[in-house]
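Step one of this worksheet: look at the structure below.
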Amino acid sequence: MTAQFATESSREVIRLLEKAGYEAVFVGGAVRDYVLGKPATDIDIATSAQPEEVKAVFPKTVDIGTEHGTVLVLMNGEPFEVTTYRTEGTYSDHRRPDEVQFVTSLRQDLLRRDFTMNALAMTKEGELIDLFGGQQDMSRQIIRAVGHAADRFQEDALRMFRAVRFTSVLGFDIEDETFEAIRDHAQQIQYISVERLKAEMDKLFKGENPVKAFQFIQQSELASHLPLFPPKMDVLNQTSPFETAIEGWACLMVAGDFTPADVAKAYRLSNAEKSYLTSVHQAFAKRSIALYTLDDYYAFELGVLLLVEKLVHAKGRLNQELSKVEITSAKQSLPIQSVADLAVTGKDLLTWTGLRGGKWTGEWIGKITMAVLHGICENNPNNIKEWFLHEFNCER
Ligand code: ATP
Ligand code: MG
């Protein structure tokens, strides 16, 4: 039998380490997801070989964290993180071990991992190594800390947020003792960097059950120690699951009556993410008081229009709810979807007028766009030319 989830190249990495006299196994999320029948993401390998020894076995490696024991091995062009078995020393800052020690036993390595489902290992032959009852917890759909939960969260506060994130991604519950420990240590989440919280939130929003995760965040009181969190998340019931993480962020913004700037600042969102939130914010303000206009259908992307419709409805501000089909067909039946669909370009304006390009060109393309959008002139060069020259000469 072979570990079916693993690619040929990943098994080759293990085979070569074994051939050199070391132990090596698959570990972490890939094993968990395989047992759950989900597609594997990144494949991590743990080994008894020291980082220098790993580097000596493979012709192509990249140092990505040798001090923590991790070497990136490139096998047939595929990258694999190979990490030396290790334990972690004391944690004085609630987020990183003061030092890591390389060890020779897999058991010690698995002991440092956060949850029983994440402390599984698998040999290249596909034999599961389950020292802490991970399989049973998974079959009961339970997230349980490895060892004493309180100590584990005291060491690294991010683990509390990982637990919550997994409730959304997997739809699992948190085991009682583990949950109580989260409640007791909730305020230590403040030691975790915003970037790491943001990355977990993104995964949470992409999960199948964000509502569940948000309930845990509230009940455990993690909510009051996060950079920004709405007091109520009712809108999530009607808007999740989400296609993308940014839709989740938009819901968080609307649920808490926050501005795009509030959310972007608190969680260091990218400019692209912030501009999506700005779109939602504007569309929400408009749709809260009236039906979408032609200009709204043109200005906002379909995803924003659909999400905002649900949000406005969830917030109880809806005058008349539109279906997905109605919104989609209204958007699709616009004469043009963007300026790129116009039958003319700025160049045509120059030809027709004999003038040089300038600020006026862009302004007139804007006016033509509106005229076409509102059916004042048809989207073909002749009609546009006729309409344009008439309007242009009137203004001069
Ligand atoms: P994902 O599917 O999102 O990648 P993952 O569990 O694989 O989830 P990774 O960050 O890839 O998450 O970590 C790989 C493994 O490393 C985990 O499965 C777990 O065994 C261990 N691990 C990661 N973060 C921690 C942590 N903060 N504390 C203890 N163990 C951790
Ligand atoms: Mg992973």
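In each ligand, atom 1 is the first atom listed, and ligand 1 is the first ligand listed.
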For [X], counting its heavy atoms only, list the atoms of ligand 1 lying under 4.0 Å from any of them.
X      : value
Asp44  : 14 (C)
Gly29  : 7 (O), 18 (O)
Phe166 : 6 (O), 8 (O)
Arg165 : 1 (P), 3 (O), 8 (O)
Asp156 : 26 (C), 27 (N), 28 (N)
Asp42  : 4 (O), 11 (O)

With no hydrogens and no angle check, is any side-chain donor or acceptor of [X] less than 3.5 Å from a backbone partner on [Y]?
X      : Y      : answer
Lys212 : Ser168 : no
Glu175 : Thr178 : yes
Tyr276 : Ile246 : no
Ser240 : Asn237 : no

Around [atom], find the nearest protein heavy atom and jot down its residue, atom name and distance.
atom                    : value
atom 16 (O) of ligand 1 : Arg113 NH1, 3.4 Å
atom 30 (N) of ligand 1 : Asp114 N, 3.2 Å
atom 22 (N) of ligand 1 : Arg162 NH2, 3.8 Å
atom 2 (O) of ligand 1  : Arg32 NH2, 2.9 Å
atom 20 (O) of ligand 1 : Asn118 O, 2.8 Å

Gly28 versus ligand 1: do any nitrogen or oxygen atoms come within less than 3.5 Å of each other? no
Is there a nitrogen or oxygen of Arg152 sitting under 3.5 Å from a nitrogen or oxygen of ligand 1?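 No; the residue has no nitrogen or oxygen that sits under 3.5 Å from a nitrogen or oxygen of the ligand.
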Assess the pair Phe132 and Phe115: is the distance between their ring centroids shorter than 6.0 Å?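 So the answer is no for these two rings.
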Thr351 side chain to Asp348 side chain, donor-acceptor N/O pair below 3.5 angstrom: no
Between Lys310 and Glu247, does the salt bridge (charged side-chain N to carboxylate O under 4.0 Å, His left out) criterion hold? Intermediate values first, please. CA-CA 11 Å; Lys310 285 195 251 175; Glu247 292 188 359; 5.9 Å; no
Where Ile64 and Val71 come nearest, the two heavy atoms and their spacing: CG1-C, 4.5 Å
Using heavy-atom distances only, which candidate in Arg95, Arg96, Arg159 approaches atom 29 (C) of ligand 1 most closely?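 Going through Arg95, Arg96, Arg159 one by one, Arg159 has the nearest heavy atom to atom 29 (C) of ligand 1.
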Does the side chain of Phe102 reach to within under 4.5 Å of the side chain of Gln50, using non-hydrogen atoms? yes
NZ of Lys385 to CG of Asn380: how many Å apart, nearest 0.5 Å? 12.5 Å
Taking 4.0 Å as the limit for heavy-atom contacts, which would you say applies to Arg112 with ligand 1: side chain only, backbone only, both, or neither?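 Backbone only.
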